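No experiment lies behind these values; they were computed from the predicted model shown.
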Amino acid sequence: MDQYELYCLVDRLFYDTPRNRGSEQPDFAVTARAVPDGWEHQPSDVWMSYCPAGAELPPQGWKIHLSARPDDAERALEHVWDYCVPRGLAFKFLRNLAVLVMLNSKSAFRGSSGKLATIYPSDEAELELTLKELDGILTGVRGPYILSDLRYADGPLFVRYGGFSERHCLSSTGERVLAIADHEGRLVPDVRGPTFATPSWVRLPDFLEPHLVARSAVTTSDMDYEIESVIQFSNGGGVYLGHQRTTGERVVLKEGRPLAGLDVLGRDAVTRIGHERAILHRLSGLDVVPGLRDHFTLGDHHFLVEELVDANPLQRLIVNRHPLTHPDATDDELRSYADWAVETLGRVERAVAALHLRGVVFNDLHPDNILLAADDRLVLIDFEVATLADEQTRSALAHPGFAAPADRQGVDVDRYALACLMLAIFAPQTTMLLQLCPAKAVHLADLVAATFPVPRATLDPAVRTILGPHSADDPAMADLPMPGVAPWTDVRDALGRAIVSSATPDRDDRLFPGDIAAFRPGGATSLVCGAAGVLYALACTGVGTLPEHETWLCDRALDPAADIGFYDGLHGVAHALETLGHRQQALDTLEACALRASARPAHDRELGLYSGLAGIGLNLLHFAATTGESDLTDRATGVVDVVADRIGGPDDVPQTSGEGLPRAGLMFGSSGPALLFVHAFERTGDPGLLDLASIALRQDLRRCVRADDQTLQVNQGWRTLPYLEEGSAGIALVLERYLRHRPDDELATSLRPLALVARSRYFVQAGLLMGRAGIIAAEASLARSAGGPASTPGAVTAELVRGLGWHALPYAGGLAFPGNQLLRLSMDLGSGTAGVLLALGAALGERPVHLPFLGPPETLRAECFDRREEVKTP
């Protein structure tokens, strides 16, 4: 989540680029220096890059990383600038302190965390000289260990072999990743993990050998404890399961890495480990905290040894037991869960009260820090940020869904978190929304009381605690036209009002606020998170057209930084422009796709619908049909042939999806190619294309597992997924379309269990690709295919639509929804409000709409409506 938190620094309501933080968090002083004569400067959201103009750096090699704690950062960067500029050494550095702290926070990616600057020597001789000289200049600068690198001496400099220029290849999972060339010149993944390793064909320079020996000198063999397994890693260190070598007692070991895992007070993991030790001493003897066994240091890492409590986190129990995440929950299941939840909440409240009696504020209460053992013991864990009650302070590292507002201190911080837990145990993750609209607590309590047999009087104290000085009668919240309650047109207009009000046509980097991916190359215009997708949804659902905003998109459609993928690149932009009536701009964009495709061969592209060959081929088929251009037909046929050659056999994929393996599903899995083959069959009638579609569908079904509730969902090993992007809903849509053309009893038996997930009543997110909206769109499409009326949703669809109320929020007099991670509102198609609008149009509209290529086979054009009405921008 760290990248999302980084994009929360600027705006309270929307994700925004850190470069817009302005005077609230100024950039490092060195950024104000004039760009040296003959140098080029390239700023980004995170990095400030400098390179001599015309310099020809090698595409890869040994790079130097500088690590620094916040107190040393400014001084260290001045030294880097003063050293690199006179010598013509290209370099880059993090742009400000807020970014440095966030990228070295506890939740940051541990492999690369700690980097402040990168220097690019041209060869090994320059590498050795630079390390030697800078090491002397940077005396006294301290920073966290960069785990992916080899440390030079005992200072703040580290080295790693990797790419200098941005090149890409396909990984073993079929995804596009950063690449370096191997000894034969082939591009292979540039692996950046949390351990130092050199590619097999790269020899470590001789002068670095002693530093590798020094790195290997510290081992765990001399510890009094043997580590058995890893419980979890964070950037602050690991949590391990182990045992005491002499007694055999099984224990938990918590590691603190020096200067790493910073919190908002700038404290590192070592400081927090020492603090937790003191707190556990104070709480010694309480049954609701783990017993403190020992503490020690290994190298410069600090370890805390605690009693092993054999238990499950409350979060896992909520996920496993929650009745609304399974189809057709019965009244008995709802009652049983409610009884368990209320009883558990009472036990948690008593445990927290026991801490308060000892003068301790927990400060980090959330379901992952509450353990429930088989012997009925309840234990609170992770006291790194606990404080003393009489200090009247706040948490320095709190879960965003349970973090108390600024007006709460001391024990009131825990009381706020307890109140959030009261709602979260019934509506998981939705307490994140309280940061955006405190009055949402009232609405959440209404929904909980209406869904579970829980008296409103049980919930009211929690609501009052959450609201504090805020009014429960927020008119913006009270007047929202809720999906499934208010008429469709009222809901549609409210969604459109929020989307249009959020537009920023004066900005070049985005038109509508959405997911953080909008700030990546090509993201601002893209279908999934940019202007193309939002304008597509507004037009297709009948909200209307926005000439000024369409001009914004047309002016930026040929973004030179954009790739050509469908959902994340130029093919999707071309599709949206044609839908909006800008045929010539669409064709110009399509031509740009052809030119850029020539620079990147088809074998270097993933197969999926999202950014790969399936999406490109489908769009070419679409334009070939609408224009009659034989050249487009030839290009589409070429793509289909490449995908056919690469698809493999039904068993040529693992039985699980993701987590380092190729992903299943509509957007990234084999269902995208299956959809391409079915569309190609609809154009040509070639039955061999259906043979290929069958193979692709069987690949995705191989990666599905049947759950105890009889749903068939994508199997990730540790969880199952029902969603449109990488889940059963997307597979079901393609399978249903295939079965229209070729009955297949074996495949047909999978359709109902794939679609059964729509009978669940709760989903953590609202979005189209990874949330409820996608389930709504899929269910509405499947229901229509089964003969249901277009504008009268069935009971399942109607229940799904009403469930959008869990996430509905007010914005600018309209209705909006949070995006991925629920930390900020989003207006985009893939994660936010535009996607909800499109899904509701699919379920409720008089002329149902759909995502591209997912309409009925006879729909050769993504025509949205006959009359185009202009929307006035507020």
Side-chain angles (χ1 to χ4, degrees), residues 5 8-14 24 263-265 345 348-349 352-353 355-356 359-366 385-449 454-480 482 498 501 805-818 822-825:
E5 291 175 346
C8 290
L9 295 174
V10 177
D11 192 292
R12 192 184 68 82
L13 291 179
F14 299 115
E24 183 183 349
D263 59 29
V264 296
L265 299 179
L345 288 164
V348 175
E349 188 171 2
V352 173
L355 304 186
H356 293 175
V360 171
V361 180
F362 191 16
N363 268 331
D364 198 17
L365 181 69
H366 58 83
V385 294
T387 60
L388 300 183
D390 57 11
E391 293 175 346
Q392 286 294 299
T393 56
R394 292 173 38 73
S395 174
L397 195 69
H399 187 291
F402 298 83
D407 61 353
R408 317 297 168 91
Q409 286 88 33
V411 295
D412 286 341
V413 172
D414 284 350
R415 289 170 182 154
Y416 179 90
L418 282 166
C420 290
L421 187 62
M422 170 63 78
L423 299 180
I425 201 167
F426 295 104
Q429 305 298 319
T430 52
T431 52
M432 303 267 235
L433 309 182
L434 303 178
Q435 307 293 323
L436 303 173
C437 177
K440 182 66 178 177
V442 180
H443 188 227
L444 288 175
D446 289 340
L447 291 170
V448 170
V454 179
R456 184 55 196 265
T458 301
L459 303 168
D460 283 342
V463 171
R464 288 194 295 270
T465 297
I466 291 168
L467 286 173
H470 297 280
S471 170
D473 302 320
D474 185 335
M477 191 74 230
D479 296 339
L480 282 184
M482 288 294 176
S501 297
W806 291 106
H807 294 93
L809 290 168
Y811 176 74
L815 177 65
F817 286 84
L822 306 182
L823 296 170
R824 293 294 186 268
L825 297 178

Item to check | Nearest non-hydrogen partners of Ala812 and Ser501, listed with the distance | outcome: CB-CB, 3.5 Å
Checklist entry - Got Val361 and Leu355 here, is their nearest side-chain heavy-atom distance under 4.5 Å? => result no
Item to check | Point-to-point distance, once rounded to the nearest 0.5 Å, from CG of Leu825 to CG of Leu433 | outcome: 9.0 Å
Checklist entry - Taking all atoms of both residues into account, what is the closest heavy-atom pair of Asp364 and Ala398, and its distance? => result OD1-CA, 3.9 Å
Checklist entry - Which class fits the ring pair His399 and His366: parallel under 30°, tilted 30 to 60°, perpendicular over 60°? => result tilted
Next on the checklist: How close do Ala457 and Pro461 get, counting heavy atoms only, and between which atoms?
Outcome noted: O-CD, 3.2 Å
Next on the checklist: Could you check, using the six-membered ring where one of them is a Trp, whether Phe402 and Phe362 have ring centers closer than 6.0 angstrom?
Outcome noted: no
Checklist outcome for this item: Here the gap from Thr430 atom OG1 to Leu444 atom CG, rounded to the nearest 0.5 Å, amounts to 4.5 Å
Checklist entry - Has the side chain of Arg415 got a donor or acceptor atom that lies under 3.5 Å from a matching backbone atom of Thr465? => result no
Checklist entry - Roughly how far, to the nearest 0.5 Å, is CG of Leu809 from CG of Leu480? => result 8.0 Å
Next on the checklist: Could you check whether any side-chain N or O of Asp414 sits under 3.5 Å from a backbone N or O of Asn363, counting only pairs where one atom can act as donor and the other as acceptor?
Outcome noted: yes
Item to check | Inter-residue atom distance Phe426.CZ - Leu345.CG, 0.5 Å rounding | outcome: 6.5 Å
Checklist outcome for this item: Residues Met477 and Cys437: closest non-hydrogen pair is SD-SG, 4.1 Å
Next on the checklist: Restricting to non-hydrogen atoms, name the atom on Ala427 and the atom on Trp806 that form the minimum distance, rounded to 0.1 Å.
Outcome noted: CB-CZ3, 3.6 Å
Next on the checklist: Any heavy-atom pair between the side chains of Glu349 and Leu421 that's under 4.5 Å?
Outcome noted: no
Checklist entry - Just by distance, do the side chain of Lys440 and the backbone of Ala808 share a donor-acceptor pair under 3.5 Å? => result yes
Checklist entry - Does the Gln435 side chain pair with the main chain of Pro400, one donor and one acceptor, at a distance under 3.5 Å? => result yes
Next on the checklist: I'd like to check the salt bridge (charged side-chain N to carboxylate O under 4.0 Å, His left out) partners of Asp263; sequence neighbours left out, ordered by chain and number.
Outcome noted: Arg267, Arg272
Next on the checklist: Between Arg824 and Pro818 (side chain of the first, backbone of the second, donor and acceptor by atom type, cut-off under 3.5 Å), is there such a pair?
Outcome noted: no
Item to check | Close side-chain approach of Val348 and Leu365, heavy atoms under 4.5 Å | outcome: yes
Item to check | Closest non-hydrogen atom pair between Ala441 and Ile466, with its separation | outcome: CB-CG2, 3.8 Å
Next on the checklist: Which residue is it: Leu822, Leu13, Leu823? I am looking for the one with a side chain to side chain contact (heavy atoms under 4.5 Å, CB included) to Leu436.
Outcome noted: Leu13
Checklist entry - Rounded to the nearest 0.5 Å, how far apart are CG of Leu423 and CG of Leu447? => result 10.0 Å
Checklist entry - Within the distance-only criterion (no hydrogens, no angle test), does the side chain of Arg408 pair as donor or acceptor with the backbone N or O of Ala403 below 3.5 angstrom? => result no
